[in-house]
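Numbering of ligands and ligand atoms starts at 1, following listing order. Just so it is clear, the model here is predicted, and its values are computed rather than measured.
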Amino acid sequence: LRATAIDNPVRQRAAKAGIDLTALPAHIAVIMDGNGRWAKSKGLMRLLGHREGYLTLRNVLLAAGELGIGCLTVYGFSVENWRRPESEVSGLMKLIEEAARNELKNLVANNVQARASGRLDELPPTLHAALDELRESTRQNTGIVLNLAINYGGRAEIVDAVKDIVASGLPEGEVTEDAISARTYSPDLPEPDLIVRTAGEMRWSNFLLWQSAYSELYVTQTTWPDFDESELFQAVLAYQARKRKFGGLGESG
Ligand code: IPE
Ligand code: IPE
Ligand code: MG
């Protein structure tokens, strides 16, 4: 029903842009890169780029939800990002916590299910608590899932899954791909159909290594603070032009 009804302005604009509303990616994951470059190009401090990036996320989340995307995973802080200067790290931690607290009401009102994926117990306790609260307060919502990858690393996630398998004493014969998938941070989410990277780098940066085996990749030169609804549409259009084969021959085979 939802797939055929052109029922809101975002979907109207999407259809006009040529998007097939019946073939949307269920899960889009975004490497939100380029905040620093955006700030530098304007002569601003890097943290102001991150703040602008937060505002972009608000808008893109709303657009994706209205469009009918089931899940949006966003890379907010990697396990490698601790290597940055202490002032940037602490500024980011403060910004994420402030955003989590400020957005709680809006997320509830907009029917968003928010959660976080990563080594959350290594975060400042007040941020960890804010993320837990976000998850609990939006648990009953039925709209788009916002999955915040914070202190996230793809390798760390696989290590954590393997640790869990060893600790559980799972017999060797039961160590399967499904067993590993079941121990990832968000096992209930579908694997991403589309991974978007802003700001042009052609690399993975340790994002969703396990789940991205057959994700389609889309890289735009646009920095994250300049990303918007029309950029989202372009990514979805590019995705819809791809032929996914999953190792087989595809439909024409
Ligand atoms: C992405 O922007 C946000 C985070 C990694 C937290 P960057 O801060 O990496 O921006 P650039 O790559 O320096 O432009
Ligand atoms: C990836 O961006 C991490 C996030 C977007 C949070 P980085 O800016 O950290 O990646 P590299 O260092 O350019 O690979
Ligand atoms: Mg970067």
Side-chain angles (χ1 to χ4, degrees), residues 27-61 64 71-100 102-103 114-120 122-124 127-128 130-131 134 145-160 184-186 189 192 194-212 215-228 231-232 235:
H27 182 176
I28 300 178
V30 185
I31 302 173
M32 307 184 291
D33 198 17
N35 294 349
R37 277 163 279 177
W38 179 90
K40 194 175 177 199
S41 77
K42 297 198 149 34
L44 301 171
M45 282 163 44
R46 291 180 56 84
L47 274 168
L48 288 174
H50 296 313
R51 190 159 284 278
E52 197 67 23
Y54 153 44
L55 301 179
T56 297
L57 178 56
R58 290 178 89 185
N59 294 333
V60 171
L61 172 66
C71 177
L72 183 71
T73 293
V74 293
Y75 207 1
F77 192 89
S78 75
V79 292
E80 285 83 19
N81 286 148
W82 297 103
R83 294 175 185 158
R84 296 186 178 199
E86 200 277 329
S87 59
E88 179 164 349
V89 169
S90 63
L92 274 165
M93 293 298 148
K94 269 196 206 119
L95 174 64
I96 298 168
E97 182 174 337
E98 185 193 314
N102 287 346
E103 294 303 323
R115 55 163 81 184
S117 293
R119 288 185 171 163
L120 306 183
E122 293 173 0
L123 293 171
L127 171 55
H128 189 180
L131 294 172
L134 208 57
V145 174
L146 171 65
N147 182 30
L148 301 160
I150 314 250
N151 196 24
Y152 176 86
R155 288 183 172 183
E157 181 175 35
I158 295 169
V159 168
D160 290 348
T184 54
Y185 298 138
S186 297
L189 299 181
L194 171 64
I195 296 185
V196 174
R197 183 165 192 149
T198 60
E201 309 295 350
M202 302 292 275
R203 58 175 169 257
W204 237 232
S205 301
N206 203 10
F207 191 43
L208 301 178
L209 298 182
W210 180 261
Q211 298 89 338
S212 64
S215 303
E216 296 293 330
L217 232 200
Y218 176 83
V219 177
T220 173
Q221 295 301 318
T222 304
T223 58
W224 177 247
D226 283 330
F227 196 87
D228 61 10
E231 290 273 345
L232 177 68

Which atom, among the N/O/S set of Asp33, is closest to the Mg ion (ligand 3)? OD1

State if [X] counts as touching ligand 1 under the rule of any non-hydrogen atom under 4.0 Å.
X      : answer
Gly53  : no
Ala199 : no
Lys40  : no

Short side-chain donor-acceptor distance under 3.5 Å, Asp160 and Tyr185: yes

Any donor-acceptor N or O pair under 3.5 Å, side chains Thr184, Trp210: no

Is the shortest side-chain heavy-atom distance between [X] and [Y] below 4.5 Å?
X      : Y      : answer
Leu232 : Ile28  : yes
Asn35  : Thr223 : no
Leu47  : Leu95  : no
Met32  : Phe227 : no
Ser117 : Glu157 : no

Return the residue, atom name and 0.1 Å-rounded distance of the protein heavy atom closest to [atom].
atom                    : value
atom 11 (P) of ligand 2 : Ser205 OG, 3.6 Å
atom 13 (O) of ligand 2 : Arg203 NH2, 2.8 Å
atom 2 (O) of ligand 1  : Asn35 N, 3.2 Å
atom 10 (O) of ligand 1 : Gly36 N, 2.9 Å
atom 5 (C) of ligand 1  : Arg84 NH2, 3.4 Å
atom 6 (C) of ligand 2  : Tyr75 O, 3.3 Å
atom 9 (O) of ligand 2  : Asn81 ND2, 2.9 Å

Min N/O separation Leu92 to ligand 1 under 3.5 Å: no

Contact check: Trp38 vs ligand 1, nitrogen or oxygen atoms, below 3.5 angstrom: no

If you round to the nearest 0.5 Å, how far is CD1 of Ile150 from CZ of Phe77? 9.0 Å

To the nearest 0.5 Å, tell me how far Trp38 CH2 sits from Thr56 OG1. 8.0 Å

Quick note on ligand 1: atoms under 4.0 Å from a heavy atom of Arg37 include exactly 11 (P), 12 (O), 14 (O)

What atoms of ligand 1 come within less than 4.0 Å of a heavy atom belonging to Gly76? 6 (C)

So that I can tick it off, tell me whether Glu201 and Arg37 are bridged by a salt bridge, with the cut-off set at under 4.0 angstrom between side-chain N and carboxylate O. yes

Electrostatic pair Arg51-Glu98, nearest N-O below 4.0 angstrom: yes

Tell me, with the steps shown, if Asn81 and Ser78 meet side chain to side chain donor-acceptor pair (under 3.5 Å). CA-CA 5 Å; Asn81 286 148; Ser78 75; 3.2 Å; yes

Checking heavy atoms under 4.0 Å, the part of Arg197 that sits near ligand 2 is side chain

Residue-level breakdown please: for Phe77 versus ligand 2, do any non-hydrogen atoms fall below 4.0 Å on the side chain, on the backbone, on both, or on neither? backbone

Contact between Glu201 and ligand 2, counting heavy atoms under 4.0 Å? no

Please identify which atoms of ligand 2 are closer than 4.0 Å to at least one heavy atom of Met32. 5 (C)

